[in-house]
Every structure is written in C-alpha cells, then in structure tokens.
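The next block holds one structure in the form of structure tokens; read it before the comments.
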Amino acid sequence: MIKNIQILLENALGKLNIQLDNTILVERTRKIEFGHFTTNVALTLPKKLRRPPIKIAEDIVAALPDSNEFIEKIEIKNPGFINFFLTSKTLQNVLDEIYEDPENFGKCNAGDGKKVQVEFVSANPTGPLTVGHGRQAVLGDCIARILDWNSYNVEREYYYNDAGRQMRILGLSTFHRYKEILGYDEPMNEDYYQGQYIKEVAQKIVDDYGDKFVDDPENEIFKNSSEKFVFNDIKETLKRLDIHFDNYYNEKALYEDGKIDDILNKLEEIDATYKKDGAIWFRGTKYGVADDRVLWKSVVNEATYRLPDIAYHCTKFERGYDKIIDVFGADHHGTYPDVLAGLKALDYNTEKIQVVIHQFVTLTRGGEKVKMSTRKATYVTLDELIGEVGKDVVRYFFVMRNANSHLDFDLELAKTEGDENPVFYLQYATARISSIHRKAKRLNIKTSDNPDYSLLKTKEEYNLLYTLSEFKEVVQTCGKTLEPQQITNYLQKLASFFHKFYTECVVISDDSELTQARLALAKATRFILVNGLKIVGVDGLEKM
RNA sequence: GCCCUGGUAGCUCAAUUGGAUAGAGCACCUGCCUUCUAAGCAGGGGGUUACAGGUUCGAUUCCUGUCCAGGGUACCA
C-alpha cells in the first residue's frame, strides 16, 4: 500500500515538474483521525519552490487522479500533511491476502537468500549461563528469527575458548573439591569457582576413579570433565529456551590451522604492527581507534584476545557471509572497535558487520538487588529463572525492551502470574479466539470458503483489519533495525484491538453471513498473533 | 581524565528512527459478566520528555555544554 501511494505521488509530482532528491516518505499515521497513511512531501519543498507548504500540498492533491480504487479520500492538514483514507474494500482485502498462506503471512524477501551469520551467547564453558547471558541468548535468537522472516539464509554461531586461564582455574576448582570429598583439608582459593556443579563433577570423578589423581592437580580429567559437564548444561538451558546453534566455533581451531600466525604475518607485512618492549603492537591509531594495543605478549609467549578475535572474524569473511551480526554485552563495547580496525587494516569491508550491544540485566528480588558473579556462585542461573517463570515469560521479557536500556528483572514480579504480565495478555487473545471457534464447531457452524468481508464495517473491525495489514511492514522494518521490541509492541497493539473487537462485536450471532465474516476475521487475527509470537519464540494457546 | 549507553507519568517501559494533541501496563478512583474465557472492555486523575542553549516549517529524537546513573578504559576475555 505504501508503494501504491508513493507511485501516485511520484506521478503527481512529475505532472507538476517537481524533482525530488530522495524517495517520498509515506508512513502510517499515529492517529486514525489523520487517516491511514500520510506523507510529508509538501513540507520538504517550500524552500525549493518558494511557496508555503499548504499551497504545495494543494497542488499535489489537485494533480492526483480524481478517483482511485483503494483511496476513499485525501485530506490536507496543517502545516502541510497529506493524509490518505483507505476504502473499506482495501482494508478488507488484507483477509484474502492472509488466507492465501496464513502461516507465512508477514514474511518478506528483503534478504533475498543472502547468507547472514548471527553470533551470540559465546560464553566460555566455566559455569552455567546467568540471567545476563539469557538476555543475549534471547536477543540473538530473535534477531536470527527476524532475519529468517526476511528471507535471509541465517546461521547461528557460538564462539568459545576452552584453553584460557579461566578454564585452568575451572580444572583446579574441580580438583579442590575432589580432594575435599576424599577427606583432605584443602584451603579455599579466592579465584576458584564455587558453584554446586563443581562438586557434582568432582563427585563423579571420585566415583569413577577413586583417589587415582590425588597428586595430579593438572591432570586433564579435571578440566575436561568440568568443561563437558558445563557445556552440556549450557546446551540444555538453551534448548529449554528453544535456542539451537548451527555452529560451535572453538578458538583452538584458529591456532591449529595456522590462522593466527597467518593473520599476524599479514598485519606485519602491511606494516600495521610494530615491536615495543618485546611485545607486538597493533597500530590502532592508524586505523581510527584511540590507542595502539598489544597483539602478542612479551611476558608470556601468547596472543592477547584481540588477535584471535580478528582472526575469527576473518574466517567469517572467508566463509562468505553477506552480513555478519555480533551480539555483545555492554562489557564488550570497548573491544570490538579494535577488531574492526584490524579487519579494516586487512582490507575487509567492515560495513558487512553489524554490532548489537545490549545493556546489563539487574536482577531484583523483592526490591533488593541480587549480586551476580559466576565465580562466587551468588548468581541466579538462567536455568533457575526459566524454572520459576517459564520459557515464554523469560523470552518475552528479555526482548520487550530496547537492547540499549538497562533491564530490571524483578523476580517477584515475573513470578506472579498476574495482570502485570504482558505475555498473558497476548496468550489470552489467542485462547479467546480458539474458544470462539470451539463454540462454532459445537454449534455445527460450517466455515464458508468465501465469506462476505464487506460486512465488517464497525470501527473495531476496521482498526483490526488496518493493524493486521501492518504486520508485514513491522517485520520488514525489524529486519533492518534488528530491534525485536518492535514486534512485541506491535503484538500488544494487535491484541488490544482484538480484545476491543471481542467486547464490542459478538462473533457468533443469528446473522449467519456476519458470523462467517467475523469468524474469518478472528481466525486471521490469531494467525498473525501466532506468527508474531513465533518470531519472539512464545507459544500461542488454545486454552487458558 | 577519556570513550560507550541511558535519563520520558508515583513505578517499569513505548513512541513508526525528525512529524500532528508524547502513549501502554502496574498502582489509585468509577462503571460493565444470565450472552463466544472479566487474565477482558469503557472512563478518570497523573508530564516543563534531567537541565541550558542551538539547528528548522516541526525536536523525546539531531548538535554543543552541564548534572545524574550504569558500563568500559590491561601484555584478563
């Protein structure tokens, strides 16, 4: 529809011999008094034409065709908006469109099958996922789903490193518990991980091998069994949230196939590095970041995290993605400019990379802040959270807000299955619609193949129809902005219009023609609600 | 110090990315169930969009400065 109006306006402007620099902006109005669609073209032209915007708007409207199959009327409003009101027929048409392929209504081909990779979570396997990881997990997965709906060819990737200092401490932590279980009085180290899972892993080793490794703290078994246990745990948690990855990329692979050396050599060749104090530095300042940074340490013979990160991103380019999306927590915002600078130095097109940064989650329990630390085991795990409030609420809450805002997650509030919960509002709408159709079935009302949609003409029905047609636009916009909260906002609006319709318009009545039309409208609404919920990863309900 | 994010109703947040009278939910009042689920609907109160300037037809949105909050600023990741 937006396209149609744009074309009309283009023709009108052509008639008036007005040249435009950019495309004409046509958008939905905020208020129904202003019509269904509006344009501000006239407001952008006064300087150029040296005429007041109202006059320009009048000229444009005069140049538009007198009658049109989909526009009922056109109004000009101060200071120069041109507002379009659609005909009832146009509004009602959305139902035919939906029923062509209800489950896929809303999908668009903006992505055109292009390969896109979304990297998210990427937590090293040192402990169970926390609530903070949860936000990233759900955000990343929703972004991937949105891109799916925009016809991108999406791959979800998890990047991890099981070789660093943290993993070594994990092994030692398990060893510590191992000895404790065997009756040794071991002093606790501040750095050790203290979660319950460490004890479980240690117990398992005692069960299987007894005291075989009691003098061998560096034995691989401690690190490896901990890692295996933790990774399984992480995958289980993600599964509970309906999150699945296509690839798990281990940093180790970058060393094994020589990628790290390769990149370091290339950077040296193009003089993007220099030696100082025995270390190898990257000339960040030459490539637009504030400081030069160390790539290769002198005190220990190993790389800093920057080098593998750059190498890892090189593989993303080599793997041929058209679009690369990195989802990070706010604690990483300082590191990615270095990576981008490195890639730029290597002549990669960094515009393919889109970085989504989300702010932290603060967890409160009855108004009091819960401190979160993986090491101290004072956190609430994501798993516990899912257990308390369920998958649907967790997923919805994590994306209903802009990623840039801090998220206050009040456990007490989320636990209460009460009115304050927007998830129930949506699910209630889906359950109500199912209920109507159950009743229709009970009364042996056969659904017609060809209901007369022109009977849908109350205010509530128009609002619902108009909002249904918006879904496609929302999905498409989200594909660009990568902001899932636009979907949740839309769904709240749609559900609200449905509840109003439900209250004002009795669906099943003596008027069988009207009943057919309204049944079709209700069913179409349910399809869109469910489609939108699918993107968020929440289930619609038959009954509540 | 410097660099990111935020600051919107009592609370938690929106605002079609520069549009028209800034909207929801919760909380607080008032109505609506003999009828498809009242976990709903209708109505009411509540705002100098942190503050001060600027840009323009038009600013919560963009620019500058100030204040407040969170995060970053390692040869940790």
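Here is how names work: the chains are called A, B, and so on, in the same order as the sequence lines, proteins then strands, and each is numbered from 1. Owing to the predicted nature of the structure, the values given are computational and were not obtained by experimental measurement.
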For a quick check of understanding: with a heavy-atom distance under 4.0 Å over all strands, which category does [X] fall into, base, sugar-phosphate or nothing?
| X | value |
| --- | --- |
| A/Thr481 | base |
| A/Lys439 | sugar-phosphate |
| A/Ser298 | base |
| A/Lys543 | base |
| A/Cys505 | base |
| A/Asn301 | nothing |
| A/Tyr490 | nothing |
| A/Arg28 | base |
| A/Ala431 | base |
| A/Asp277 | base |

Exercise. Does A/Tyr428 lie flat on the base of B/G40, that is, centres under 5.5 Å apart and planes under 30° off?
Worked result: no
For this session: Compare the ring of A/Phe34 with the six-membered ring in the base of B/A20 and state whether they stack (centres under 5.5 Å, planes under 30°).
Result: yes
Just compare [options] and give me whichever is closest to any side-chain atom of [X].
| X | options | result |
| --- | --- | --- |
| A/Phe360 | B/G71, B/U21, B/A74 | B/G71 |
| A/Arg432 | B/A38, B/C3, B/C36 | B/A38 |
| A/Val294 | B/U56, B/A77, B/C75 | B/C75 |
| A/Ala279 | B/U17, B/A42, B/C75 | B/C75 |
| A/Gln485 | B/C57, B/A15, B/C75 | B/A15 |
| A/His333 | B/C76, B/G19, B/G71 | B/G71 |
| A/Ile436 | B/C57, B/C36, B/A77 | B/C36 |
| A/Arg401 | B/C41, B/C13, B/A77 | B/C13 |
| A/Thr503 | B/C76, B/G40, B/A15 | B/G40 |

Exercise. Can you name the closest pair of heavy atoms from A/Glu157 and A/Asn247 and give their distance?
Worked result: OE1-ND2, 3.0 Å
Exercise. If you look at every heavy atom in A/Ile487 and A/Ile535, which pair is closest and at what distance?
Worked result: CD1-CD1, 4.1 Å
For this session: With A/Arg518 as the cation and A/Phe501 as the aromatic partner, state whether NZ or CZ is under 6.0 Å from the six-membered ring centre and within 45° of the axis.
Result: no
For this session: Please confirm whether A/Arg306 makes a cation-pi placement over A/Phe282, using NZ or CZ under 6.0 Å from the six-membered ring centre and within 45° of the ring normal.
Result: no
Does the structure show a Watson-Crick or G-U wobble partner for [N], both distances under 3.5 Å? Name it, or say none.
| N | result |
| --- | --- |
| B/U56 | none |
| B/U49 | none |
| B/G31 | B/C41 |
| B/U61 | none |
| B/A14 | none |

Whole-Å distance between [N] [atom2] and [X] [atom1]?
| X | N | atom1 | atom2 | value |
| --- | --- | --- | --- | --- |
| A/Phe282 | B/A74 | CZ | C1' | 17 Å |
| A/Asn402 | B/U12 | CG | C1' | 15 Å |
| A/Leu464 | B/C41 | CG | C1' | 15 Å |
| A/Tyr336 | B/G72 | OH | C1' | 12 Å |
| A/Glu27 | B/A20 | CD | C1' | 11 Å |
| A/His406 | B/C11 | NE2 | C1' | 17 Å |
| A/Ile82 | B/C57 | CD1 | P | 18 Å |
| A/Gln486 | B/A14 | CD | P | 11 Å |

Given the [atom1] atoms of [N] and [M], what is the spacing between them in whole Å?
| N | M | atom1 | result |
| --- | --- | --- | --- |
| B/C28 | B/U21 | C1' | 25 Å |
| B/A22 | B/A9 | C1' | 11 Å |
| B/U61 | B/U55 | C1' | 13 Å |
| B/C62 | B/U56 | C1' | 11 Å |
| B/A14 | B/A52 | P | 24 Å |
| B/A50 | B/C68 | C1' | 8 Å |

For this session: Kindly state which residues belonging to residues 506-524 of chain A come within less than 4.0 angstrom of RNA chain B, counting heavy atoms of the residue only, listed by number.
Result: A/Val506, A/Val507, A/Ile508
Exercise. Quick check, are the ring centers of A/Tyr502 and A/Tyr428 under 6.0 angstrom apart?
Worked result: no
Exercise. How about A/Tyr312 and A/Tyr159: are their ring centres within less than 6.0 Å of each other?
Worked result: yes
For this session: State, yes or no, whether a side-chain contact exists between A/Arg432 and A/Phe498 at a heavy-atom distance under 4.5 Å.
Result: yes
Problem set entry | Quiz item: A/Asn40 side-chain donor-acceptor pair to B/A20 base, under 3.5 Å | no
Exercise. If anything within 90° of 0 is syn and all else is anti, what is B/C51?
Worked result: anti
Problem set entry | Anti versus syn assignment for B/U17, with syn defined as within 90° of 0 | syn
Exercise. If you find the nucleotide of RNA chain B closest to A/Glu470 and the one closest to A/Thr38, which residue's nucleotide is nearer the 5' end?
Worked result: A/Glu470
Exercise. Nearest nucleotide by nearest heavy atom, which residue falls closer to the 5' end of RNA chain B, A/Phe81 or A/Asn404?
Worked result: A/Asn404
